[in-house]
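To keep things clear, I will list the structure first and then write my remarks on it.
Just so it is clear, the structure is predicted and the values come from calculations on it, not from any experiment. Letters A, B, ... mirror the listed sequences (proteins, then strands); counts begin at 1. Just the heavy atoms: all of them, side chains too, but no hydrogens, waters or symmetry mates, feed the values below.
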2 protein chains.
Amino acid sequence: MADGPMQIRKLGHSVTIKDIASHLNMAHSTVSRALNDRSHISSATKQRVKEAAEKLGYVANLSARMIRGDAGLLVGLIIPDVQNDFYSSISKELADRCRKAGLRMLLAITDDDPETEQNEIRALLEARVSGVVATLTATPTSGTLTLLEQIPSVQLVRRHAKLKSAAVCMADVAGCQAAAEHLLALGHRNIAYVGTSKTISTGRDRLRGFLEAHKLRGVEPLAGGVELVPPRQEYGYDAIARVLALKEKPTAIMIGSSELTIGGLRAVREAGLAVPGDVSLVGYGDPVWFDLLTPALTAVALPVSALADSAAQQLFRQIDQGQGDVPVKPLVHKITPNLVVRESTGPRKRRK
Amino acid sequence: MADGPMQIRKLGHSVTIKDIASHLNMAHSTVSRALNDRSHISSATKQRVKEAAEKLGYVANLSARMIRGDAGLLVGLIIPDVQNDFYSSISKELADRCRKAGLRMLLAITDDDPETEQNEIRALLEARVSGVVATLTATPTSGTLTLLEQIPSVQLVRRHAKLKSAAVCMADVAGCQAAAEHLLALGHRNIAYVGTSKTISTGRDRLRGFLEAHKLRGVEPLAGGVELVPPRQEYGYDAIARVLALKEKPTAIMIGSSELTIGGLRAVREAGLAVPGDVSLVGYGDPVWFDLLTPALTAVALPVSALADSAAQQLFRQIDQGQGDVPVKPLVHKITPNLVVRESTGPRKRRK
DNA sequence: GATATGTCGGCACACGTGTGCTTATGTCAA
DNA sequence: TTGACATAAGCACACGTGTGCCGACATATC
């Protein structure tokens with residue numbers, strides 16, 4: 001008595017199964033088996049061990065567990081930016097699915113910088129993730145690709161030719177084609193397009209959809225009306241400003257990236273133009289606030305939940321079947337985005 | 001010749017320093033020292049080892065590194081929701097600071113659910129994070145608190161009386177007092193307040209600021225004009241709707257949470273009221289899009305960067321000084337938010 | 001040429017957990 | 001009573017990395 005709670009632990013040194021074992025006068029292997037509900041253990045012993053673990057404040061050491069290499073406990077998600085609504089939603093959705101599958105998700109943010117990307121992926125591999133869902137930079141390092149080939153991976157949204165892994169993408173061509181067709185059907189003939197570089201698969205496909213819609217209608221795209229810039233708000237602002245200053249003014253603008261949409265909205269607002277009176281606007285993405293704008297923004301809504309579902313499913317399957325030595329043909333799952341028509345698009349005003 | 005690249009590795013079994021060692025006919029300890037630039041190694045050997053490591057595709061095993069317990073490599077961030085602009089910004093900023101300090105940040109999302117919170121924190125402890133920055137649930141489990149006490153921690157934004165660790169918060173009282181004073185100075189006398197429960201420190205403080213401003217002006221708060229609800233968009237929508245339906249209608253509404261602001265904006269929009277003509281509006285937070293609204297929203301802007309700075313600084317200091325056995329008095333660092341006046345607040349219309 | 005000094009690399013162990021093998025104990029059937 | 005067998009718990013090793021200690025060897029100094 002009077003010895004208190006047994007002087008449990010020096011700070012910084014946590015309780016181990018050995019501590020529990022010596023506390024209970026048995027071998028640490030017995031404790032291990034008890035805690036993991038293995039066979040060949042009397043239920044009485046299990047009980048005692050679990051109680052002792054609880055009492056001593058035992059917390060398992062993940063590193064020690066993982067060192068043997070057998071268990072697959074972690075997966076990684078690589079994205080350019082958490083502040084972007086789309087990616088933060090993906091993070092949340094994927095994390096949920098991982099949790100349900102008994103996995104923990106590690107988040108890696110690249111800032112769309114190839115070097116950071118390589119470092120982050122290396123860090124994920126050092127943590128021995130069993131697989132990765134990745135939205136890569138436009139121009140990944142060769143090191144990045146080499147590293148990625150070592151583990152199961154699923155490309156999300158952006159698709160790289162050099163990478164042989166599965167891909168879960170949006171049907172960008174169809175999505176943008178529908179958006180452009182919407183504008184054409186409203187009578188617009190001078191439609192500007194502001195999107196991202198063709199070096200990214202999404203940039204390529206979205207522009208293609210835009211042009212395809214014109215082709216089907218037999219309409220010539222607005223001369224000088226296509227601006228391709230990196231996906232950052234400032235560039236969106238600048239690009240929209242340039243497009244608005246064209247000699248032959250656009251009566252509608254279509255934006256092919258959520259970041260560019262934010263900058264673009266600011267440019268349109270500063271130009272003091274009426275929407276959709278002076279110019280119709282189609283944005284990209286579907287953050288909660290698009291419909292709070294005045295006018296509410298017509299936009300290509302991204303199927304976040306379906307993307308996360310498919311990516312998780314693909315990844316888990318690959319992990320389960322042991323990295324698929326079987327060269328599954330690089331599956332590309334395309335999910336169709338939804339054009340949500342709100343108030344920012346209207347019929348062409350026949351002014352002249 | 002013709003033996004190819006030496007049949008490097010069976011899938012799923014990665015290259016270890018032992019592999020490098022046997023490849024080079026030396027002891028694994030030599031390899032370890034070479035890779036870590038330790039002393040007692042000739043630079044020639046270092047060179048050879050590093051080249052071999054590169055060639056064989058060696059990736060260090062973090063688990064093996066961490067198992068010895070000496071190194072502090074990880075920290076955790078616990079937040080209720082990544083989709084919230086504020087927390088996604090905090091995630092980004094803190095991750096950057098950790099990276100600069102040579103640490104990796106693990107993200108844990110609680111969904112504001114105490115049970116999930118406890119599980120996530122346990123997972124962080126299993127990963128042996130050296131410290132944690134946490135925005136806890138309103139009512140954390142006792143298990144959560146017990147776990148948190150085992151490691152250095154910094155409370156972010158929300159402050160819990162039961163927890164003795166340092167806290168980095170906003171000066172919520174001052175922030176909301178300034179916002180309310182702004183409205184009072186514009187002549188408003190019927191001001192509604194929609195915020196979060198008083199069980200959260202932020203909810204408490206913000207309401208206090210609101211009331212304090214009234215007191216200083218000698219104005220009686222609007223009867224029935226205070227609504228306290230959980231921080232979710234739906235509740236914000238409902239609460240604002242209720243407030244708008246009061247017998248004595250408010251001429252201004254102040255919202256004390258970013259989530260509630262989103263729901264509230266939707267309610268005001270649906271009510272078809274002119275802002276600030278019929279009702280002035282002050283929101284909370286500062287996502288990129290507040291100034292894209294029509295009218296642009298006056299809001300209490302949160303000092304994200306300063307908060308992240310201070311939290312990181314606090315945490316790193318605690319970690320460095322070995323968990324501070326020295327009972328540092330629970331430091332509370334308060335950072336003043338900024339009232340950003342835009343277009344959604346205007347003078348009271350003297351109608352009656 | 002012998003000893004002191006310094007450099008380089010190997011041996012062996014530690015970290016916390018899981019597991020195959022072995023031993024000890026008890027139970028039941030022949 | 002003995003042997004077959006199930007159950008419980010311990011011993012020893014493995015995982016990948018880092019490090020204290022010691023031996024091997026080269027160079028410098030007397």
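- A 4.5 Å side-chain heavy-atom check between N61(A) and S14(A) finds every atom pair outside the cut-off.
- Distances shown here put every side-chain N or O of S42(B) at or beyond 4.0 Å from the OP1 or OP2 atom of dT7(C).
- When each of dC11(D), dT19(D), dG18(C) is scored by its nearest atom to the side-chain atoms of R65(A), the top-ranked nucleotide is dG18(C).
- Distance from the side chain of M26(B) is smallest to dG10(C) among dA14(C), dG10(D), dG10(C).
- Listed candidates were dC13(D), dT17(D), dG20(D). Nearest to the side chain of H28(A) is dC13(D).
- With a 4.5 Å cut-off on side-chain heavy atoms, H23(A) and K55(A) count as touching.
- Rounded to whole Å, atom P of dG9(C) lies 13 Å from atom CD of Q47(B).
- Not a single donor-acceptor pair, N or O on each side, falls under 3.5 Å between the base of dC15(C) and the side chain of S63(A).
- Phosphate proximity of dG18(C) to N36(A): present, with a side-chain N or O under 4.0 Å from OP1 or OP2.
- Rounded to whole angstrom, the span from the CE atom of M66(A) across to the C1' atom of dG16(D) amounts to 12 Å.
- In this structure, S29(B) reaches the bases: a heavy-atom distance under 4.0 Å links it to at least one base atom across the strands shown.
- Checked against dG10(C), dG18(D), dC15(C), the side chain of I67(B) finds its nearest nucleotide in dC15(C).
- Checking K46(B) against T16(A), the closest nucleotide of DNA chain C that is more toward the 5' end is the one next to K46(B).
- Taking atom CG on D37(B) and atom P on dG9(C), their separation rounds to 14 Å, with Å as the unit.
- Here the nucleotide nearest the side chain of T30(B), chosen from dG18(C), dA14(C), dG9(C), is dG9(C).
- For R68(B), counting side-chain heavy atoms from C-beta on, the closest listed nucleotide (dA9(D), dG16(D), dT17(C)) is dG16(D).
- Salt-bridge formation is not detected for the pair E149(B)/K162(B): no Lys NZ or Arg NE/NH1/NH2 atom is positioned less than 4.0 Å from an Asp or Glu carboxylate oxygen.
- One can place CG of L125(B) at 16 Å from C1' of dG16(C), the figure rounded to the nearest angstrom.
- Two residues, Y58(B) and R33(B), neighbour DNA chain D, and the one matched to the more 5' nucleotide by heavy-atom proximity is Y58(B).
- Straight-line distance from the CG atom of L56(A) to the C1' atom of dG16(C): 16 Å, rounded to whole Å.
- Rounded to whole angstrom, the span from the CD1 atom of I20(B) across to the P atom of dG10(C) amounts to 14 Å.
- Spacing between atom CD1 of I41(A) and atom P of dA6(D) amounts to 18 Å, rounded to whole angstrom units.
- Counting heavy atoms from C-beta on, the side chains of T116(B) and R99(A) come closer than 4.5 Å.
- Here the side chain of A27(B) is nearest to one of dC11(C), dT17(C), dT17(D), namely dC11(C).
- Side-chain atoms of K18(B) lie closest to dT17(D) of the nucleotides dG10(D), dG16(C), dT17(D).
- Heavy atoms of D19(A) sit nowhere under 4.0 angstrom from any nucleic acid atom.
- Side-chain polar atoms of Q314(A) and Q318(A) form no donor-acceptor pair below 3.5 angstrom.
- D111(A) and K92(B) are joined by a salt bridge, as a carboxylate oxygen and a charged side-chain nitrogen come within less than 4.0 angstrom of each other.
- Separating the CZ atom of R128(A) from the P atom of dG16(D) is a distance of 9 Å, rounded to the nearest angstrom.
- Contact annotation for S32(B): base contact, defined as any heavy-atom pair under 4.0 Å involving a base atom.
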